[in-house]
Amino acid sequence: MNTDKLVGDLLHAHGLRKTQIRVEIIQQFMESDFGLRASEIINSLKANHDRVTVYRALNSFEENGIIHKASEDANGVKYALCGNECSSDHHEDTHAHFVCDECQNTFCLDDVKIPQPKVSDELTVNQVTFTINGICKECKA
Ligand SMILES: [Zn+2]
Ligand SMILES: [Zn+2]
Ligand SMILES: [Zn+2]
(Lines give C-alpha, C1' and ligand atoms only; values in the text may rest on other atoms or scores of the structure.)
(Ligands and ions follow the chains in the order given, each with its own letter.)
Protein backbone atom coordinates (compact mmCIF):
# COMPACT_ATOMS: atom_id res chain seq x y z
CA MET A 1 0.00 0.00 0.00
CA ASN A 2 1.23 3.46 -0.84
CA THR A 3 1.01 5.00 2.60
CA ASP A 4 2.91 8.08 1.47
CA LYS A 5 -0.08 9.22 -0.57
CA LEU A 6 -2.47 8.22 2.23
CA VAL A 7 -0.52 10.22 4.80
CA GLY A 8 -0.31 13.21 2.45
CA ASP A 9 -4.10 13.19 2.10
CA LEU A 10 -4.54 12.88 5.86
CA LEU A 11 -2.25 15.86 6.54
CA HIS A 12 -4.01 17.88 3.86
CA ALA A 13 -7.45 17.06 5.31
CA HIS A 14 -6.31 18.41 8.65
CA GLY A 15 -4.77 21.56 7.24
CA LEU A 16 -1.13 20.56 7.71
CA ARG A 17 1.66 20.80 5.17
CA LYS A 18 3.32 17.56 4.15
CA THR A 19 6.87 17.32 5.45
CA GLN A 20 9.10 14.27 5.56
CA ILE A 21 9.18 14.13 9.36
CA ARG A 22 5.37 14.37 9.61
CA VAL A 23 4.95 11.57 7.07
CA GLU A 24 7.44 9.34 8.89
CA ILE A 25 5.75 9.87 12.26
CA ILE A 26 2.25 9.13 10.96
CA GLN A 27 3.53 6.01 9.17
CA GLN A 28 4.83 4.78 12.53
CA PHE A 29 1.38 5.22 14.04
CA MET A 30 -0.23 3.40 11.11
CA GLU A 31 2.14 0.47 11.50
CA SER A 32 1.69 0.19 15.26
CA ASP A 33 -1.17 -1.62 16.97
CA PHE A 34 -0.69 0.37 20.14
CA GLY A 35 -0.01 3.86 21.45
CA LEU A 36 3.44 5.39 20.93
CA ARG A 37 5.59 7.64 23.09
CA ALA A 38 7.59 10.52 21.64
CA SER A 39 10.83 8.79 22.72
CA GLU A 40 9.87 5.58 20.89
CA ILE A 41 9.09 7.55 17.75
CA ILE A 42 12.41 9.39 17.93
CA ASN A 43 14.29 6.10 18.31
CA SER A 44 12.74 4.52 15.24
CA LEU A 45 12.95 7.45 12.82
CA LYS A 46 15.01 6.67 9.74
CA ALA A 47 16.97 9.90 9.74
CA ASN A 48 18.23 11.82 12.73
CA HIS A 49 15.82 14.55 13.70
CA ASP A 50 15.88 17.11 16.41
CA ARG A 51 13.73 15.97 19.37
CA VAL A 52 12.06 19.37 19.41
CA THR A 53 10.89 18.87 15.81
CA VAL A 54 9.26 15.57 16.79
CA TYR A 55 7.54 17.05 19.85
CA ARG A 56 6.34 19.96 17.75
CA ALA A 57 4.94 17.63 15.09
CA LEU A 58 3.12 15.59 17.75
CA ASN A 59 1.62 18.75 19.24
CA SER A 60 0.37 19.94 15.88
CA PHE A 61 -1.11 16.47 15.17
CA GLU A 62 -2.95 16.56 18.48
CA GLU A 63 -4.19 20.10 17.90
CA ASN A 64 -5.43 19.21 14.43
CA GLY A 65 -7.32 16.03 15.25
CA ILE A 66 -4.87 13.45 13.88
CA ILE A 67 -3.69 11.84 17.13
CA HIS A 68 -4.99 11.79 20.71
CA LYS A 69 -3.56 10.98 24.12
CA ALA A 70 -4.08 7.28 24.79
CA SER A 71 -2.39 7.12 28.19
CA GLU A 72 -0.07 9.02 30.44
CA ASP A 73 2.34 7.83 33.10
CA ALA A 74 5.61 8.85 34.71
CA ASN A 75 7.42 8.16 31.43
CA GLY A 76 5.21 10.47 29.43
CA VAL A 77 2.24 10.45 27.11
CA LYS A 78 1.37 7.74 24.60
CA TYR A 79 -0.50 8.85 21.51
CA ALA A 80 -2.76 6.94 19.14
CA LEU A 81 -4.26 7.76 15.75
CA CYS A 82 -7.71 9.34 15.75
CA GLY A 83 -10.68 8.11 13.79
CA ASN A 84 -12.07 9.99 10.80
CA GLU A 85 -14.53 11.88 12.98
CA CYS A 86 -11.83 14.00 14.64
CA SER A 87 -11.17 17.37 13.09
CA SER A 88 -9.07 20.46 13.66
CA ASP A 89 -11.94 21.85 15.72
CA HIS A 90 -12.36 19.02 18.14
CA HIS A 91 -11.67 15.43 19.04
CA GLU A 92 -14.33 12.74 19.16
CA ASP A 93 -12.28 10.06 20.87
CA THR A 94 -14.84 9.13 23.49
CA HIS A 95 -13.53 5.58 23.89
CA ALA A 96 -11.74 3.88 26.76
CA HIS A 97 -8.07 2.91 26.68
CA PHE A 98 -6.51 -0.31 27.91
CA VAL A 99 -3.06 -0.31 29.50
CA CYS A 100 -1.35 -3.67 29.99
CA ASP A 101 0.31 -3.98 33.40
CA GLU A 102 2.96 -6.34 32.01
CA CYS A 103 4.09 -4.98 28.63
CA GLN A 104 2.78 -1.44 29.27
CA ASN A 105 1.29 -1.36 25.78
CA THR A 106 -1.73 0.92 25.39
CA PHE A 107 -4.66 0.16 23.09
CA CYS A 108 -7.67 2.14 21.95
CA LEU A 109 -10.90 0.34 22.82
CA ASP A 110 -12.88 1.93 20.02
CA ASP A 111 -16.02 -0.01 20.90
CA VAL A 112 -15.99 0.91 24.57
CA LYS A 113 -17.61 4.32 24.62
CA ILE A 114 -17.24 6.37 27.76
CA PRO A 115 -20.04 8.49 29.19
CA GLN A 116 -19.64 12.23 29.01
CA PRO A 117 -20.31 13.47 32.55
CA LYS A 118 -22.38 16.58 33.11
CA VAL A 119 -20.46 19.26 34.95
CA SER A 120 -21.34 22.78 36.05
CA ASP A 121 -21.66 25.37 33.27
CA GLU A 122 -18.82 27.25 34.88
CA LEU A 123 -16.44 24.54 33.78
CA THR A 124 -15.26 23.76 30.28
CA VAL A 125 -14.43 20.13 29.64
CA ASN A 126 -11.61 19.52 27.19
CA GLN A 127 -11.24 15.81 27.55
CA VAL A 128 -12.66 12.93 29.57
CA THR A 129 -10.29 10.01 30.00
CA PHE A 130 -11.09 6.45 30.97
CA THR A 131 -8.27 3.97 31.42
CA ILE A 132 -8.60 0.26 32.09
CA ASN A 133 -5.55 -1.54 33.46
CA GLY A 134 -5.09 -5.27 33.04
CA ILE A 135 -3.29 -7.99 31.11
CA CYS A 136 -3.41 -7.90 27.31
CA LYS A 137 -4.03 -10.85 24.97
CA GLU A 138 -0.32 -11.26 24.10
CA CYS A 139 0.82 -11.33 27.72
CA LYS A 140 -1.97 -13.68 28.72
CA ALA A 141 -0.98 -16.23 26.08
ZN1 LIG B 1 -9.13 12.59 18.10
ZN1 LIG C 1 0.75 -6.97 27.56
ZN1 LIG D 1 -7.77 6.04 21.61
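Both counts, for ligands and for their atoms, begin at 1 and track the order of listing. For reference, positions follow the sequence shown, starting with 1. What you see below is based on every heavy atom in this structure, not just the backbone, and it leaves out hydrogens, waters and symmetry mates.
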- Would you mind reporting whether V128 and P117 have side-chain heavy atoms less than 4.5 Å apart? yes
- If you count the non-hydrogen atoms of other residues, nucleotides and ligands that lie under 6.0 Å from CG in D50, is the total more than 12? yes
- Message: Rounded to the nearest 10°, what angle sits at the Zn ion (ligand 1) between SG of C86 and SG of C82?
- Response: 110°
- Query: So, D93 and the Zn ion (ligand 1): N/O/S under 2.8 Å, yes or no?
  - Reply: yes
- Message: When you measure from the Zn ion (ligand 1) to the N, O or S atoms of H68, does any of those distances fall below 2.8 Å?
- Response: no
- Query: Of all N, O or S atoms in H91, which has the smallest distance to the Zn ion (ligand 1)?
  - Reply: ND1
- Message: Using side-chain heavy atoms (C-beta onward) and a distance below 4.5 Å, is I25 in contact with Y79?
- Response: no
- Message: Looking at the Zn ion (ligand 3), is there an N, O or S atom belonging to C108 that lies under 2.8 Å away from it?
- Response: yes
- Task: Return yes if a side-chain donor-acceptor contact under 3.5 Å exists between E24 and Q20, otherwise no.
- Result: yes
- Can the ring centroids of H97 and H95 be said to lie less than 6.0 angstrom from one another? yes
